[in-house]
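Below is one structure, written out as structure tokens; the observations come after it.
Below, each value reflects all heavy atoms present in this structure, side chains not excepted, and no hydrogens, waters or symmetry copies. The chain is numbered in sequence order, starting from 1. Predicted, not measured: the structure shown is a model, and the values here were computed from it.
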Amino acid sequence: MALADSARGLPNGGGGASRGGTRPQPAQEPEPSGPGEGFPEIVELNVGGQVYVTRRGTVLSVRGSLLWRMFSQQEAAALPRDSKGRFFLDRDGFLFRYILDYLRDQELVLPERFPERSRLQREAEYFQLPDLARRLAAAATTARFAGLLRDASVCADEPPALGYLEAELEAAAASPTSSRSPSGGPLLAPSLSLDAGGVGGAGGRRSGYITIGYRGSYTIGRDAQADAKFRRVARITVCGKTALAKEVFGETLNESRDPDRPPERYTARYYLKFNFLEQAFDRLSEAGFRMAACSSTGTCAFAPEQGGPADDKIWTSYTEYVFCRE
């Protein structure tokens, strides 16, 4: 009996049959009885249809995160699973790869020209990774300022000095009066604000170009002097930097085709709410612009093709005027 007792205490029941001839039964594993128990060492995750396999230690690497609470503070049987028994998360499966990369070594490494930065920040906030969300927000702010500075220096003689971007970021963060978005992020650096004196020389006037374009048509009959119908302008388009276009044309500028264009970006999608070229020229002249160049193309068609008199000719043209302010 003493021998049987000692064998019962060895791993796997002592590795052999007892003296009584009966094989000892393997010890039963205890059922999970509390939070954090019952999870395998290798965890399979189904995130929005994308399958990921990682170690449990990886998902527990950031204390206090959503995954840390799921796999340490809850029971395995309480978590949702898919049809193959994998733990299921109803989130963006493509972006989760970057979440998992961050959990492995707490470093943020993204591809160049990564277009999903704001969505990844939202995923980081959902998974309660504040450090990752903060890094993404800072990177988005840096990219936005870099774009503004790059556009502002297109016509400059010299590019901005090294360290200028960092100085602008620090000034925008420290100044309580700097322009900020509803979420608290800076919209424009102080030197790039749209107020008078922000960019340019005296009086805050910006240098740059604005292109005015229009399609026109007119009809000439047999007696060109008497039968000529004056030009008809369907729409006047405006191309150039958004800030310049708004400065010159104000409320007469229709922005519905490009409503979210930043002030220092270029657009070719604006048009004017009026159809008088002279009115557009007057506004440009009052703003200090002068005409630098113009070009025009025209085509001719006989009126019968357009449903008009047999002897009339219909001319259509497209014309552009380039205005400059130094």
Side-chain angles (χ1 to χ4, degrees), residues 151-152 154-155 188 192-326:
D151 289 342
V154 168
C155 299
L188 293 174
L192 294 176
S193 67
L194 298 182
D195 301 332
V199 177
R205 300 205 325 177
R206 303 157 177 269
S207 61
Y209 292 84
I210 291 180
T211 301
I212 300 296
Y214 77 94
R215 294 187 183 277
S217 64
Y218 56 92
T219 304
I220 298 180
R222 280 176 293 182
D223 186 351
Q225 297 296 327
D227 297 336
K229 297 181 181 179
F230 293 100
R231 72 180 179 212
R232 181 178 63 85
V233 179
R235 178 173 291 175
I236 301 175
T237 60
V238 178
C239 307
K241 190 174 290 187
T242 302
L244 283 177
K246 290 183 178 180
E247 176 192 338
V248 174
F249 297 107
E251 295 298 326
T252 64
L253 193 69
N254 192 313
E255 305 177 51
S256 60
R257 299 174 65 189
D258 205 356
D260 300 324
R261 177 71 56 172
E264 296 300 321
R265 293 296 177 90
Y266 293 88
T267 180
R269 297 178 61 82
Y270 287 167
Y271 62 90
L272 300 178
K273 297 179 182 179
F274 55 82
N275 295 329
F276 298 100
L277 281 171
E278 292 75 15
Q279 185 176 350
F281 295 163
D282 286 343
R283 284 180 171 268
L284 286 162
S285 178
E286 293 170 359
F289 283 81
R290 60 177 179 81
M291 186 183 298
C294 67
S295 63
S296 180
T297 59
T299 59
C300 176
F302 285 99
E305 301 176 3
Q306 307 294 330
D311 294 333
D312 287 356
K313 294 181 180 180
I314 299 178
W315 289 84
T316 59
S317 64
Y318 178 73
T319 306
E320 285 188 341
Y321 301 92
V322 181
F323 289 84
C324 174
R325 184 173 71 185
E326 297 179 352

What verdict does the salt bridge (charged side-chain N to carboxylate O under 4.0 Å, His left out) test give for K273 and E251, after you've listed the backbone C-alpha separation in whole Å, the side-chain angles of each residue and the deciding distance to 0.1 Å? CA-CA 9 Å; K273 297 179 182 179; E251 295 298 326; 5.1 Å; no
[Y] and [X], any side-chain heavy atoms less than 4.5 Å apart:
X: Y270; Y: F249; value: no
X: L244; Y: R325; value: yes
X: L253; Y: K246; value: yes
X: T237; Y: I212; value: no

Should we count CZ of F276 as having more than 12 external heavy atoms under 6.0 Å?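 Incorrect, the count does not exceed 12.
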Would you name the heavy atoms of [X] and [Y] that are closest together and state the gap between them?
X: A280; Y: L272; answer: CB-CD1, 3.8 Å
X: L284; Y: I210; answer: CD2-CD1, 4.1 Å
X: S207; Y: E326; answer: CB-C, 3.9 Å
X: F289; Y: G208; answer: CE2-O, 3.7 Å
X: T252; Y: R283; answer: CG2-NH2, 3.5 Å

Let me confirm one number: the OH-OG distance from Y318 to S295, rounded to the nearest 0.5 Å.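 Rounded to the nearest 0.5 Å, the OH-OG separation comes to 8.0 Å.
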Would you give the length of the straight line joining atom CZ of R269 to atom OG1 of T242, rounded to the nearest 0.5 angstrom? 12.0 Å
Anything under 30° is parallel, anything over 60° is perpendicular, the rest tilted; go ahead and classify Y214 against Y321.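 Because their plane-to-plane angle is under 30°, the rings of Y214 and Y321 count as parallel.
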When you measure from the side chain of T319 to the backbone N and O of S296, does any donor-acceptor pair fall under 3.5 Å?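 Checked: no pair found.
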